[in-house]
Amino acid sequence: MRWTRALISTLRDDPQEAEIVSHKLMLRSALIRKLSGGLYTFLPLGLRALRKVERIVREEMNRAGALEILMPALQPSELWEQSGRLAAMGPTMFKLKDRAERLMALGPTHEEVVTDLITREINSYRQLPCTVYQVQTKFRDEIRPRFGLMRAKEFIMKDAYSFDTSLDAADRSYQAMYDAYVRIFQRCGLRAKAVEADTGDIGGKWSHEFMVMAEAGEDGIVECADCSYAANQERAERQLPPAAVTGATPAVQEVSTPGVRTMEQVAAFLKCPPTKLIKTLLYLADGKPVAALVPGDRDVNEHKLKRTLGAKRLELADEATIRQVTGAAVGFAGPVGLTIPIYADQALRGATACFTGANKDDTHLGNVDLARDAQVTEYLDLVIVGAGDTCPRCPGTLRVARGIEVGHVFKLGTKYSEAFQTKYLNEKGQAELMVMGCYGIGVTRTLQAVIEQSHDADGIIWPAAVAPYHVALLLLDPKDAAVTAVAEKLAAELEAIGVEVLLDDREERPGVKFKDADLIGLPFRVVVGAKGLAKGGVEIKARTSKEFQVVPAEQAAARIAELLAPAPQVAPPTGL
RNA sequence: CGGGGUGUAGCGCAGCCUGGUAGCGCGUCAGCCUUGGGCGCUGAAAGUCGAGGGUUCAAAUCCCUCCGCCCCGACCA
């Protein structure tokens, strides 16, 4: 491909709209252009890279035995009523009506459609196990689209769904997908890490997320310094330190604390460490008020609370509700005397001599013995685990890093097969529910993650497997017929052996071409210029290296193929 | 939705405070010069100053309303 025909207009300056490196580089190197918030056009260069990621995904899915299908993006809303997710997913779905006034949705995901499909298609254990997948555009009315392709309103996802006859069989399907994911991200040149994750609105009991470790990541990852434990901060657990043994606590005592509301203020006012304070937060779980208690120096992990309560919606209670439940203004809630369900973090088991809000304006309580003075409904794991906490698996210390979620695998169980009565007949002719799993990869996000993880000050550094082209062939003297002939011959030779070449035939100064070549970051740069030819040939340089080698023009194609060979050609998929 | 920021030529920005009818750099186009890391020179095209309303003889500039975009939180591939 000739640059002058390729619709590649690079930008010198960082566009003001972009914040993180990968987003800036995608715009500067003409991979994408923004149409509107969270909506992007792929330019030819970006589309080529995207297609390569998709190809890797397909090859590995096929290798793992999954069957490609394609489901509609436009879906009838009844399906969502059937699964009960209209409420949970509702606000993030783009909804519209057809001319018959029928409510439709642009699919944010496809569990409903696929379950409906399989319910009709599969009747017998002989057809199981079955895993299907698709590469489809998903639509989500994101609250806040962000960072280019990282969180968009329209994006491409590979989603796969497995159907099995038993939990054991489902585990095997899950493992097959897990292994495929490891290979996919490896082949994309990514350093990805699988971590234990929260299942969110998708549901199910167990899941792993595949995280690309990067500072710009949206997720906190908790990992153990000593063992292999790693989890999303939304789910991460900790081991509790042994409880301190304390003596009897004197009777509860009111303390006047005018205008003192936050934990910092209370601790300073009472001159006590925040660990001796009990933080009481009021939530509305599916509309019903509950209290969550955590140590004063801790924050509530709302994902954990929502999951353990089995709530569809969870939000902090508003001022009016707080006033109604506690009889006091915000900032003075406490467990003593509350009649709503009270959930306390397990670290508060046996908490004595603590301070809490008094459910009375401008007042706190001292000498609170939680077990003695309050009706705790249940002790649960409720806090956000962070750096310095103890690993739940070993005595090691936890640390926190950031990651980009590029894939997520779920063991769904029978949540959807129950809703859709997805049954098969077993060997004995009895109907049983299928056990499901679902598996997503954010394809467009993965592409951006590659750039986020692989770049330098000059531009992108494409891993060969997903690079838009393999070689940037810089023709430095396009007006010199002899030099041009050499470059064009080399380009033809390379293309003949399957090497993808971008020939920079623009009438630009060499400096411009070098800068642009670094920016778009193809794995190899080959320079053909009058000076170089006079000195013995063309120059071949890897994007990752400062050194170049001079090779006679006739030998260049063979040498480049040799250099390229180990990288892009990963073992081809097996299969029938 | 709450909090913060920002909208002036394709991109990056100045002008706004103190109203007088729009400018700089890059890019684009034509030409010269040059040709190994965004070179130099000459000339040209290109802007409803986010939108609407108001104040004024006069509004990019002052006032009101709305909208877009970006960042922080809830959402998630």
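Values below: every heavy atom of this structure, side chains too, minus hydrogens, waters and symmetry copies.
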Nucleotide forming a Watson-Crick or wobble pair with [N], both distances under 3.5 Å:
N	answer
B:U42	B:A30
B:U55	none
B:G23	B:C13
B:U18	none
B:C66	B:G50
B:G2	B:C72

[X] [atom1] to [N] [atom2], straight-line distance once rounded to whole Å:
X	N	atom1	atom2	result
A:Met150	B:C75	CE	P	18 Å
A:Asp13	B:C13	CG	C1'	9 Å
A:Met177	B:A77	CE	P	17 Å
A:Leu316	B:C1	CG	P	19 Å
A:Leu519	B:C11	CG	P	17 Å
A:Phe94	B:C75	CZ	P	18 Å
A:Lys531	B:U35	NZ	P	8 Å
A:Leu27	B:G12	CG	C1'	14 Å

Mind checking the [atom1] distance from [N] to [M]? Whole angstroms is fine.
N	M	atom1	answer
B:A14	B:G54	C1'	28 Å
B:C17	B:C62	C1'	11 Å
B:A74	B:G38	P	45 Å
B:G7	B:G27	P	24 Å
B:A59	B:G15	C1'	14 Å
B:G53	B:U61	P	14 Å
B:U48	B:U8	C1'	12 Å
B:U18	B:G25	P	29 Å

Taking NZ, NE, NH1 and NH2 as the nitrogens, is one of them in [X] or [Y] under 4.0 Å from a carboxylate oxygen of the other?
X	Y	answer
A:Asp299	A:Lys279	yes
A:Lys415	A:Glu111	no
A:Arg506	A:Asp516	yes
A:Arg298	A:Asp345	no

I'd like to check [X] versus [Y] (side-chain heavy atoms, cut-off strictly below 4.5 Å). Are they in contact?
X	Y	answer
A:Ile118	A:Tyr161	no
A:Met213	A:Arg191	no
A:Leu25	A:Leu519	yes
A:Tyr416	A:Arg85	yes
A:Glu196	A:His208	yes
A:Val113	A:Gln136	no

Give every pair of a protein N or O atom and an N or O atom of nucleotides 68-71 of chain B that lie under 3.5 Å apart, one pair per line with the distance.
unit_1	atom_1	unit_2	atom_2	d
B:C69	OP1	A:Ser36	OG	3.2
B:C69	OP1	A:Gly37	N	2.9
B:C69	O3'	A:Lys34	NZ	2.9

Residue pairs involving [range] (criterion salt bridge (Lys or Arg N to Asp or Glu O under 4.0 Å); sequence neighbours excluded):
range	answer
residues 29-38 of chain A	A:Glu17-A:Lys34
residues 209-221 of chain A	A:Arg146-A:Glu218, A:Arg151-A:Glu218
residues 42-53 of chain A	A:Arg48-A:Glu500, A:Arg51-A:Glu54, A:Lys52-A:Glu500
residues 448-463 of chain A	A:Asp456-A:Arg543

Name the nucleic acid region contacted by [X], choosing base, sugar-phosphate or nothing; use a 4.0 angstrom heavy-atom cut-off, strictly under.
X	result
A:Gln136	nothing
A:Arg28	base
A:Met93	nothing

Contacts under 3.5 angstrom, residues 436-443 of chain A side chains, donor-acceptor by atom type, not counting sequence neighbours:
unit_1	atom_1	unit_2	atom_2	d
A:Tyr439	OH	A:Ser162	OG	2.6

Fill in: Phosphate OP1/OP2 of B:G38: any A:Arg12 side-chain N/O under 4.0 Å
no
Worksheet item: Can you tell me if the side-chain N/O atoms of A:His303 get under 4.0 Å from OP1 or OP2 in B:A74?
Response: no
Discussion item. Looking at A:Lys513 and A:Asp504, would you say the former's side chain and the latter's main chain have a donor-acceptor pair under 3.5 Å?
Written reply: yes
Discussion item. Can you confirm if the aromatic rings of A:Tyr178 and A:Phe210 lie within a centre distance of less than 6.0 Å?
Written reply: yes
Worksheet entry | Protein-to-nucleotide contact annotation, 5' to 3' order, nucleotides 40-45 of chain B [B base; S sugar-phosphate only; - none; under 4.0 Å, heavy atom] | ------
Discussion item. Among B:G38, B:G12, B:A77, which nucleotide has an atom closest to any side-chain atom of A:Pro15?
Written reply: B:G12
Discussion item. Return whichever of A:Asp14 or A:His408 has its heavy-atom-nearest nucleotide of RNA chain B closer to the 5' end.
Written reply: A:Asp14
RNA chain B contacts made by [range], counting heavy atoms under 4.0 Å:
range	result
residues 510-517 of chain A	A:Pro510, A:Gly511, A:Val512, A:Phe514, A:Lys515, A:Asp516
residues 534-555 of chain A	A:Glu539
residues 520-529 of chain A	A:Arg525, A:Val527, A:Gly529

Worksheet item: Ignoring hydrogens and angles, does a donor from either the side chain of A:Asp219 or the base of B:C76 sit under 3.5 Å from an acceptor on the other?
Response: yes
Fill in: With A:Glu19 via salt bridge (Lys or Arg N to Asp or Glu O under 4.0 Å) - residues at least two apart
none
Worksheet item: For A:Lys95, which residues count as a salt bridge (Lys or Arg N to Asp or Glu O under 4.0 Å) partner, sequence neighbours excluded?
Response: none
